[in-house]
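Everything on this sheet refers to the single structure shown next.
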Amino acid sequence: METTSPPSSERSDFIREIIAADLREGRHESVVTRFPPEPNGYLHIGHAKSICLNFGIAEEFGGRCHLRFDDTNPIKEEQEYIDSIEADVRWLGFDWGEHLYFASDYFEQLYEWAVHLIEAGKAYVDDLSADEIRQHRGTLTEPGRESPWRDRTIEENLDLFARMRAGEFPDGSRVLRAKIDMASPNINFRDPVMYRILHATHPRTGDAWRIYPSYDFAHGQSDAIEHITHSICTLEFQDHRPLYDWFIENLPVPSRPRQYEFARLNLTHTVLSKRVLLRLVNEGHVRGWDDPRMPTLSGLRRRGFPAEGIRDFAAMIGVAKADSVVEVEMLYHAVRDVLNRTALRRFAVLKPLKVVIENYPEGEAEEIEVINNPEDSSAGTRQVPFTRELWIERDDFMEDPPKKFFRLAPGREVRLRSAYFITCNEVVKDADGEIVELRCTYDPETRGGSAPDGRRPKATLHWLSIAHAVPAEVRFYDHLFENAHPGSDGRDIFDDLNPDSETVLHHCFVEPALSDAPPGETLQFERLGYFCSDADSTADAPVFNRTLTLRDTWAKLQAQGKQNSA
RNA sequence: UGGGGCGUAGCCAAGCGGUAAGGCAGCGGACUUUGGAUCCGCCAUGCGUAGGUUCGAAUCCUACCGCCCCAGCCA
């Protein structure tokens, strides 16, 4: 099968250029990157961009990429998140081999390095409260003031820091700070906090520690310990780079990593803020982290998005330093592109309308051979039962059709895909005038879907034998957020939630082969879209999620009101 | 009125002094047993603005404008 994935050899961006130059000019012999999630939530499509970047670079340059959890804040972190993150990175298609690490693995080393800084007179224990520290920090335009505890003796600092570790002091009573420059225009240099006291149980170290290092004091050193060559992070850390370098330069670390920053992903109709995603889950706006409307990897997976589509998307959007908002349509395109090539075609009727073929013998049934994927002949064919009474899609019939409606109408002949041509002779209605049944005739000469005389109907419909159809529930998904830029112009982000992001249809039908469709495989319901079996399916009640619709030019014409124009 | 970044089409993004890639979206058309897919064509005399340097500027210089990030004991 042909693959249309973007050629990675041609892909380049400013980070890959830097790495290529570093290798070419001998600054490094090989490249080592890392993906460093904090286990305080589930991974989302924005993380996928970073994962594809870091693991992709390692693959392309023959290096390696570590998975390292940045687990320095036990208050927010949980084992559940660690497990889900590992599963999601694997699902996306990447492998860290033996290189699974945790910042918490380095707590002892980090502690020693903190002592090293104290001994060098470059760190001190501060007794100021969080509030007082904030007041001393100054503002963006005014320098800060030095803490009265800034000039304690090394001995006193050493003693206090050891007692902080021993758990002698309550949370918030003291911190260890780097002694740098309270007047620096870079606020990160105004004596940043290195350690805080937290009497919290850590998912990995349990109650071994009562003090925990801050991000700034842990990240760069963790990179150095692992011999990371290129530490790639998002733009908001640019201001931290001088501090990252300061710790590296003032500590006896085993290697000299460099930090590079790129713009994080933003998507229209989507929110990628961990804080908001957590609220969506906790406040019940969705059913969980893996709700098919969520931009989490687990949500996208449940929705039926293949990992390959997400990887292709990441390659498509590129990597740069300008803030940007990518239109979700680009993601949809990447996903459809993969699904079109790979998804097996099946028949399903979402809004059924009964068709009786008057000249087809009662009680007879035949097997119709149907192609599984016209894009992939190796996918083969399957048999679908055909009988006198069929379901077709309600939307495929109009009693009084506009000019551009090509489907079934009174007196009109259409093709039933892979089966026969049928002509509608009569419309049967109930007492309310509702169409309940179509009386049609078929042309036995057209078996397989083509006529000996070469006539060709303008439309081809999907269909299901009523006697064989399997009832199913189908869930339709739309943007979780109505507005392209949720929360923009000062609106509350939650006011932008789309009340119709999920709609459920209960009386749908699918072909017999789908009665036990395995979850995890996305199918195409011909002419309708891509769907996948949901985890909520049971033996007698299959449930399908609509992954995406097919491109639908008829729907577009209707929306534009052009269906009647010549 | 500090510091750090960024401005190329509706969106993403190449471009690295030699005359504006590519993709998404959109629009036209061909083909079609999915109104799908595929194929073909169109879509920036212009690169935030104004000056300057140069034979030549999106690329270099100057000034200005706009947007983003930083005042957690979050990451």
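Just so it is clear, the model here is predicted, and its values are computed rather than measured. So that the names make sense, note that chain A is the first sequence line, chain B the second, and so on, each numbered from 1.
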Test item: side-chain donor near acceptor, [X] and [Y], under 3.5 Å:
{"X": "Arg447(A)", "Y": "Tyr420(A)", "result": "yes"}
{"X": "Glu146(A)", "Y": "His136(A)", "result": "no"}
{"X": "His66(A)", "Y": "Glu226(A)", "result": "yes"}

For Gly318(A), which contact category applies under a 4.0 Å heavy-atom criterion: base, sugar-phosphate, or nothing?
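Contact class for Gly318(A): none.
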Would you tabulate the pairs of protein nitrogen or oxygen atoms and nucleotide nitrogen or oxygen atoms of nucleotides 39-42 of chain B closer than 3.5 angstrom?
none

If anything within 90° of 0 is syn and all else is anti, what is rG7(B)?
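Judged by the O4'-C1' to base torsion, rG7(B) sits in anti, the angle falling more than 90° away from 0.
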Filtered N/O pairs between nucleotides 24-26 of chain B and protein, under 3.5 Å:
| unit_1 | atom_1 | unit_2 | atom_2 | d |
| --- | --- | --- | --- | --- |
| rC24(B) | OP1 | His333(A) | NE2 | 3.1 |
| rG26(B) | OP1 | Lys556(A) | NZ | 3.2 |

Quick test: give all pairs of protein nitrogen or oxygen and nucleotides 66-70 of chain B nitrogen or oxygen below 3.5 Å, distance rounded to 0.1 Å.
| unit_1 | atom_1 | unit_2 | atom_2 | d |
| --- | --- | --- | --- | --- |
| rC68(B) | O2' | Asp323(A) | OD2 | 3.3 |

Mind listing the closest non-hydrogen atom pair of Asn157(A) and Tyr124(A) along with its distance?
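The answer is OD1-CA, 3.5 Å.
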If you compare all heavy atoms of Phe217(A) against all heavy atoms of Leu117(A), which two are closest, and at what distance to 0.1 Å?
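Result for this residue pair: CE1-CD2, 3.8 Å.
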Ring-base stacking, Tyr215(A) with rA75(B) (5.5 Å, 30° cut-offs):
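Tyr215(A) ring does not meet the centre or angle cut-off for rA75(B); no stack.
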Expressed in angstrom and rounded to an integer, what is the separation of Leu43(A) atom CG from rA75(B) atom C1'?
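Distance, rounded to whole Å: 14 Å.
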Leu344(A) has an atom CG; how far is it from atom C1' of rU34(B), in whole Å?
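Atom-to-atom, Leu344(A) to rU34(B), this comes out as 15 Å.
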Which residues in residues 262-272 of chain A have a heavy atom closer than 4.0 Å to any atom of RNA chain B?
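Residues of residues 262-272 of chain A under 4.0 Å from RNA chain B: none.
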Table please: side-chain donor-acceptor pairs of residues 326-336 of chain A below 3.5 Å, with sequence neighbours left out.
| unit_1 | atom_1 | unit_2 | atom_2 | d |
| --- | --- | --- | --- | --- |
| Arg336(A) | NE | Thr549(A) | O | 2.8 |
| Arg336(A) | NH2 | Thr549(A) | O | 3.1 |
| Arg336(A) | NH2 | Thr549(A) | OG1 | 3.4 |

Partners meeting side chain to side chain contact (heavy atoms under 4.5 Å, CB included) with Pro185(A) (sequence neighbours left out)
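Listed in chain order: nothing, the list is empty.
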